[in-house]
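Have a look at the structure below before the remarks.
Numbers restart at 1 for each chain; the letters A, B, ... are given by sequence-line order, proteins then strands.
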2 protein chains.
Amino acid sequence: MKYYSIGEASAKFNIPESTIRYYEKKGLLPLIERDEAGRRLFSEDQITLLEIVIYLKNTHMPISGIKQYVDWVVEGDNTTERRLEMMKNHKQAVLAEISLMTESLKKIDVKITRYTKRIQDRKEQK
Amino acid sequence: MKYYSIGEASAKFNIPESTIRYYEKKGLLPLIERDEAGRRLFSEDQITLLEIVIYLKNTHMPISGIKQYVDWVVEGDNTTERRLEMMKNHKQAVLAEISLMTESLKKIDVKITRYTKRIQDRKEQK
DNA sequence: TGTTGACTTAAACCATAGTTTAAGTCGTAT
DNA sequence: ATACGACTTAAACTATGGTTTAAGTCAACA
């Protein structure tokens, strides 16, 4: 079974080591083993969990929410319903945010069109 | 020409008055007039600018970026090219962010499917 | 043997984006 | 007259999500 150092985990996901340490301190990465020298050893499972943490972070779940999720994962199978509920709710929140961004982007596109025209008009004026 | 009070602007966009005051202090809402009592009076144009500020905020442009944009608007027509450039760049950033969220959401959907199956299986087990 | 390079810690520090507080001024409705 | 609601300010405060610093350990390579 392969173990990853913090440097390897950092490189794999392209996030700073300091962020990984911060996540561990916040409880998002529980039960990390250490070697004799006290260095973190990430199992495949923990790398997978880190990946999930990153997906949740990418979709703007707050640290406190990710922590709750991870706590439920550690607690085991009897939290499946709660995790399902949470992920469904989160999905709706993410879809709402994407909608808001997409709608706002339309207005930005209006600006792009207007500025482009203005610049064109000025060129033709010359 | 209609003027809006801060309360009306707040209600129109459903954002706290304190946020509007904060935006003004940060330079996102320049040239706001005042009545004799010192109360803010928002013109139609300024309401429109506030709307743009909100769209940019909805798409996660930092305050400093919005400030730059507003400064260019105030500076006038000779900043059209710079504003166009900025909006184009911002659009690309927003599209990238939406992509990242959409991709991450797929992984969350995998979780939803897995948890749903697990719960179904347990029901059938009974 | 000594000096890199990869790691460790706790604690301080930082940026961002507001929110809250406290004390005060108006205009109007009772 | 007064009390209420809508507004004003500066400054302090908060939350969030890290990043940086300083001092140290350890293994391997020259």
Kindly point out which of [options] is positioned nearest to the side chain of [X]?
X	options	answer
R34(A)	dG17(D), dT9(C), dT8(D)	dT9(C)
K57(A)	dG18(D), dA17(C), dG18(C)	dG18(D)
I6(A)	dT9(C), dC7(C), dG17(D)	dC7(C)
P62(A)	dG27(C), dG17(D), dA17(C)	dG17(D)
R39(B)	dT20(C), dG27(C), dT19(D)	dG27(C)
R21(B)	dC26(D), dC26(C), dC7(D)	dC7(D)

For [X], report the nucleic acid contact type (base, sugar-phosphate, nothing); a contact means any heavy atom under 4.0 Å.
X	value
S5(A)	sugar-phosphate
S18(A)	base
K26(B)	nothing

Under 4.0 Å: is that the gap between some side-chain N or O of T19(B) and OP1 or OP2 of dT19(C)?
yes

Could you check M61(B) against E36(B) and say which one's nearest nucleotide on DNA chain C is further toward the 5' end?
M61(B)

Just how far, in rounded Å, is [atom2] of [N] from [atom1] of [X]?
X	N	atom1	atom2	answer
H60(A)	dA17(C)	NE2	P	13 Å
K67(B)	dA17(C)	NZ	P	14 Å
L28(A)	dT16(D)	CG	C1'	13 Å
Y23(A)	dT16(D)	OH	C1'	11 Å
D35(B)	dT25(C)	CG	C1'	11 Å
R40(B)	dT25(C)	CZ	P	17 Å
Y22(B)	dA15(C)	OH	P	13 Å
L56(A)	dG17(D)	CG	P	12 Å

Indicate, with yes or no, if I63(B) and V73(B) share a hydrophobic cluster defined by side-chain heavy-atom contacts under 4.5 Å among Ile, Leu, Val, Met, Phe, Trp and Tyr.
yes

Under a single-linkage definition using a 4.5 Å side-chain heavy-atom cutoff for Ile, Leu, Val, Met, Phe, Trp and Tyr, are Y69(B) and Y55(B) assigned to the same hydrophobic cluster?
no

Would [X] and [Y] pass as an ion pair if we require N to O under 4.0 Å?
X	Y	value
R39(A)	E33(A)	no
D35(B)	R40(B)	no
K88(B)	E85(B)	no

Starting from the 5' end of DNA chain D, give me the residue, A37(A) or K25(A), whose nearest nucleotide shows up first.
K25(A)

